[in-house]
Every structure is written in C-alpha cells, then in structure tokens.
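Below is one structure; the comments refer to it alone.
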Amino acid sequence: MAAGAAVKPHSEINPWMIAIAVMFGTFMEVLDTTVVNVSLPHIAGSMSASVEEATWVLTSYLVANAIILPMTGWLASEFGRKNLLIMAVIGFTSSSFLCGIAPNLPLLILFRVMQGACGGTLQPLSQSVLLEAFPPEGRGKAMGFWGLGIVVAPVLGPVLGGWLTESYSWRWVFYINIPVGMLSIYMVRKYVFDPPYLKRAHSGVDAWGIGMLAVWIGALQIMLDKGQEEDWLSSNFIVWLATITLVFLIGFLIRELTAKNPVVDLRVFKNRTYSAGVILMTIVGLVLYASLVVLPIWLQTLLGYPSLQAGFALAPRGLGSLIMMPLVGAVLHRFDGRKVIAFGVVMGAFTLFKFSTLNLNAGYWDFFWPQFIQGMSLAFLFVPLTTVTMNQIPKERIGNASSLFNLMRNIGGSIGIATVTTLNERYAQKHISALASHVTPYDVPASQWMDQLRGGAPGVAAPDPRMTAAMFGAVRQQAAMLALVDLFQLLTILFLLMLPLILIMKKPPKNAPAEMAH
C-alpha cells in the first residue's frame, strides 16, 4: 500500500493535535516510574510497613509494565489501536485513583500492578501513532516532541513526588494523574484514528508465548530489583529467579520463532539497523536510569542535600533536553541521523567523564553544567536514534517494533539501576579497605591528621572514641566519593563503546522508510 494511503485517516487532522493527544498518556505513565521513589518512606510509615516492604510498590509496577509492553502490537491488532489506547488510559487513571485511596500495603501493590499493566501499552502505542501521523521527513520533529516525555519525565518525577509528599500527602502522587488522564481520554477520542491497514487480526491467542513472556520478564525484573538486597547469587531466591528467567526466555524465543501467529514477532530483528538501534537504546536507557540513581546518592548522602533540593538539583538535565529536543527534531532531516547519534554519544560521554572529575567540594554549578549538557546530549541521541531505527520498518509492523524497542529501553534501565547499586557498594568497600590501611601512626599524613583531631597534642597514646568515629566517618565518606568516581568512569567507557554499533546502521532514506529485510 502506498505511503499516502497509510496516513489517510489522519489527513484532515493536524498531526500536532495527535501528538498532544498521545503525549498526555505517555508523560503520565513515564512519570510514574520515578515519582513514587521519594515517597516510599512516607508510604511505609503510614501503612506500618518497612521501607523494604514498601519497595514492592515500585517493583510491582515495573514488573506489570514490562510484561505488557512487548504484547502491545498484538493487543492493538486484536482490539484496535484507538480502543486499546483509550482502555489503557482509563485503566491507568482509575488504578491511580485506587492507589490513592488504598487503605493498606497489599491493596496498594495490587493497584500498582493494575496501573503498570495499563501503562505498559502507552509508550509503544503513542510512538506508533506519532510515526504514522507524520510523514517520514517530519518524524524527527515528532520524535523530538515525544522524547520530551521519555527523557524529562523521569527527571521531573522525584521533584514532583518530593513536593507533593512534603506539601500535601504521598496519596497526591497518584491523584495528580486523574485530571491528566481525563484530558488524555478526551483528546484521544477526538483526534486518534486507526489506520486502514491495521485490521483486527483475531488470529488466535498465543497462550504459550504470553505465558512464557510473563514468567521470564517478571522473574528478570524482580531479580534485578531485589538482587543487591538479597546479595545476588548468594541467595537461593535470586538463583531460582535467574534459572527461571533463562529457561523461560529460551522457551519463549523458540516458541515465537516457530509459532504461526506469535504474540511478539521477533523477525523484525533481521533488519540490522533496527537490531543495532535496539542495542543502542538499551545502553542509553541503562546510563540514563543509572545516573538517575547515582546523582541523588551523591547529593543527599555525601553533600547533605534535602530530598526536595536534590530533586531540583537534578532538574538541569531535563532543562537541557527540553531546549534541545525540538531543535534536534527540526533539523534532523537535513543531516545523516547516524552522525547526529555519534555526536550525541561523544557529548554524553564527555559529561559522564566530567562527573568523574568532581569531589566532595563540588558546588551546585559543578553539577548544573554537566547535567545541562547531558540533557542536550540525550536529545541528540534519543530523537535520531528512534527516527533512524523506526524508518527502516514498514508501517504495518511499527506497532510490534515499537513495543520491543521500548521494552529494551526499560530493561536497560532496570539493568543500569541494579548494576550501579551493586557496584557502588562493592567499590565503596574496596576503597574503605584501601584507605583504612593507611590510617596508622606510621603514615605521616595520617599521623598529622590524628594530631589535629587530638587538638594538636602529639604523643597521646590513649585512643579517643570520638576521634576514632570521626576518622572512620571521613574514610567512609572519601571511599563513597571514590566509588562514584569509579562508576562514572565505567559509564563513560560504556557510552563510548556505542560508537562502533552506529556503523552497522544503514543510512536512512530521506523521503520514505525503507522496507524491512525479509
């Protein structure tokens, strides 16, 4: 079918109204991946639960979200894209209200599962609708607008969550979704329509595929979320989760590659540009969410920022993306998208390296500029990467391809959070051992330090407990700082390793999406 016919349902509608319609739901859903984080201690306190138990409020949402996400293409073909989008927004808004009125932790976790399941379809659906509403030469602008929600929302989440929790109640973290959801439902009903080629499939339910998908993604998400807490493979619980993930993942791959009507069409990975794009987006998700975990630790634990102020200190990244995303989208069609991606990689690696050069004397502006530039680099990465990757996919397969693309970004984020949380503790322990070995009377700097703590009285042999505590606190603080330096150096190297993958991608066509390799 000709490309013009594919967009006929939207031909009389301003595509920017469609973009606004789908953006409401997407922004709301992505925001909820981080907005609850700072509220966990308040949720635990009000429901007589430990903070560890309250973390299931986060885990349950992420697990349900990840399970539904790759099924979005199949669900859209079964129910219709517009119907599915409306049902998802209604379900997300309703479950947000139920989360707000939940009287106890088990019910709150149940409602968060509902919220995550409904929200899991919103990202790929909105991306598919946008890619179809705009012509190929305008997709850069569309992805720039859509990318604002994906990049800015996780940064805004802790700020908004902290403000609502401190000013009102943690329940308002969920209530805030209700007016946004209602507006989204109105806009979707008015401006979004199914394309003519998206026919209701009703080709049978791939029950085995759905079942194995739910098991391996659920097990993987729980393993990544609880791994550090359970000390990874020293825990039988984590070992069992890892085994279940591997077994059901292999079974899922075999099933989907051999089934006549798979719930997830993996043949899309035959396209080398798409495959490289998915790997790149996974790494971008890993670094984005990893740094979102590391920087608050730095600001709050080492520099003493209150939670709300720490949230504001993270805002420059969102500001950089907010300014640059529309600009990158506007000029993308004039340049080879692969070169823009490479520029974003180098720019992002530079900002990560700058973080690794900071120390405990760093001030607000030392964090502001690297974050601001990093936000700009994410625009140079996210917009062209999404556009170049999806331009290789025929429109009738964009729904399935978009589902997998977003799934891998989310999995990358989960891996990033789990990795930096674990490595941060391991690196800190390593540096504590190294630094403590030098704190002896025979080490000249350490001896002078001891004399200063004694009030300038050298030769006092009896150890003072207060002096010992002060010295250990200083060693632990320096070790934590060195651990963060190590983490940012590692993230810098990981980012630079993305560059060779860009060479695998084909040059995007200027006027029409290329056909996918068969």
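Sequential numbering from 1 along the given sequence is applied to the chain's residues.
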Side chain to side chain donor-acceptor pair (under 3.5 Å) between Ser275 and Asn271, worked out: CA-CA 6 Å; Ser275 297; Asn271 184 289; over 6 Å; no

Distance-only donor-acceptor check, side chains Asn261 and Asp206, under 3.5 Å: no

Spacing of CE belonging to Met23 relative to CG belonging to Leu122, to within rounding of 0.5 Å: 12.0 Å

Short N-O contact, Asp486 and Arg426, less than 4.0 angstrom: no

Thr273 side, atom OG1; Ile504 side, atom CD1 - distance, nearest 0.5 Å: 9.0 Å

Centroid-centroid under 6.0 Å between Phe269 and Tyr274 rings: yes

Phe350, CZ: over 12 other non-hydrogen atoms inside 6.0 angstrom: no

Stepwise side-chain contact (heavy atoms from CB on, under 4.5 Å) test for Thr26 and Gln127: CA-CA 9 Å; Thr26 301; Gln127 190 176 56; over 6 Å; no

Verdict with supporting geometry, Ile323 and Phe372, side-chain contact (heavy atoms from CB on, under 4.5 Å): CA-CA 10 Å; Ile323 293 173; Phe372 181 77; 3.9 Å; yes

Between Ser96 and Gln115: side-chain donor-acceptor atoms closer than 3.5 Å: yes

For the student: nearest non-hydrogen atoms of Ile68 and Ala117, plus distance: CG2-O, 3.4 Å

Mutual orientation of the aromatic rings belonging to Phe368 and Tyr364 [parallel < 30°, tilted 30-60°, perpendicular > 60°]: tilted

Working for side-chain contact (heavy atoms from CB on, under 4.5 Å), residues Ile217 and Leu213: CA-CA 6 Å; Ile217 287 185; Leu213 173 70; 3.4 Å; yes

Nearest-0.5 Å distance, NE2 of residue His431 to CG of residue Leu482: 5.0 Å

Backbone of Gly399 reached by a side-chain donor or acceptor of Ser402 within 3.5 Å: no

Backbone of Arg255 reached by a side-chain donor or acceptor of Thr258 within 3.5 Å: yes

Any donor-acceptor N or O pair under 3.5 Å, side chains Asn410, Ser414: no

Name the atoms and distances for all side-chain donor-acceptor pairs under 3.5 Å in residues 282-296, with sequence neighbours left out.
{"unit_1": "Thr282", "atom_1": "OG1", "unit_2": "Val278", "atom_2": "O", "d": "2.8"}
{"unit_1": "Ser291", "atom_1": "OG", "unit_2": "Val287", "atom_2": "O", "d": "2.9"}
{"unit_1": "Ser291", "atom_1": "OG", "unit_2": "Leu288", "atom_2": "O", "d": "3.0"}
{"unit_1": "Ser291", "atom_1": "OG", "unit_2": "Arg317", "atom_2": "NH1", "d": "2.8"}

Any donor-acceptor pair under 3.5 Å from Ser77 side chain to Trp74 backbone: yes

Ring geometry between Phe145 and Trp16 (parallel below 30°, tilted from 30 to 60°, perpendicular above 60°): perpendicular

Side chain proximity check, Met71 to Ser403, heavy atoms < 4.5 angstrom: no

Full working for side-chain contact (heavy atoms from CB on, under 4.5 Å) between Leu358 and Phe367: CA-CA 9 Å; Leu358 299 181; Phe367 287 94; 4.2 Å; yes

Modelled atom types, side-chain donor and acceptor of Asn65 and Gln221, under 3.5 Å: no

Reported OG-to-CZ distance for the pair Ser184 and Phe92, which is rounded to 0.5 angstrom: 10.5 Å

Gln489 side chain to Ser356 side chain, donor-acceptor N/O pair below 3.5 angstrom: no

Pair Phe27 and Trp146, ring centroids less than 6.0 Å apart: no

Polar side-chain atom of Ser126 near backbone of Val22 as donor-acceptor pair, under 3.5 Å: no

Leu407 versus Ala66, closest heavy-atom pair with distance: CD1-O, 3.6 Å

Shortest non-hydrogen contact from Leu381 toward Ile341: CD2-O, 3.6 Å

Heavy-atom side-chain contact between Phe355 and Gln371 under 4.5 Å: yes

Side chain to side chain, Met187 and Ile20, heavy atoms closer than 4.5 Å: yes

Met17, CE atom: more than 12 neighbouring heavy atoms under 6.0 Å: yes

Distance in Å, Leu160 CG paired with Trp163 CH2, rounded so as to fall on 0.5 Å steps: 7.5 Å

Student check: side-chain heavy atoms of Glu425 and Gln228 closer than 4.5 Å: yes

Aromatic ring pairing Phe252/Trp216, orientation class (parallel under 30°, perpendicular over 60°, tilted between): tilted

Gap separating the CD1 atom of Ile185 from the NZ atom of Lys190, nearest 0.5 angstrom: 16.0 Å

Side chains of Glu256 and Asp265 in contact at under 4.5 Å (non-hydrogen atoms): no

Closest non-hydrogen atom pair, Ile502 against Arg338: CG2-O, 3.6 Å

Listed partners of Phe174 passing ring pair (Phe, Tyr, Trp, His ring centres under 6.0 Å), at least two apart: none

Passing candidate, salt bridge (charged side-chain N to carboxylate O under 4.0 Å, His left out) with Glu132, options Arg397, Lys82, Arg81: Arg81

Residue pair Thr93 / Asn177, side-chain heavy-atom distance below 4.5 Å: no

Trp365 versus Pro370, closest heavy-atom pair with distance: O-CD, 4.4 Å

Heavy-atom side-chain contact between Met505 and Leu280 under 4.5 Å: yes

Smallest separation among heavy atoms of Leu404 and Pro70, with atom names: CD2-CB, 4.5 Å

Main-chain N/O of Val420 paired to Asn424 side chain as donor or acceptor, under 3.5 Å: no

Any Leu69 side-chain heavy atom under 4.5 Å of Thr121 side chain: no

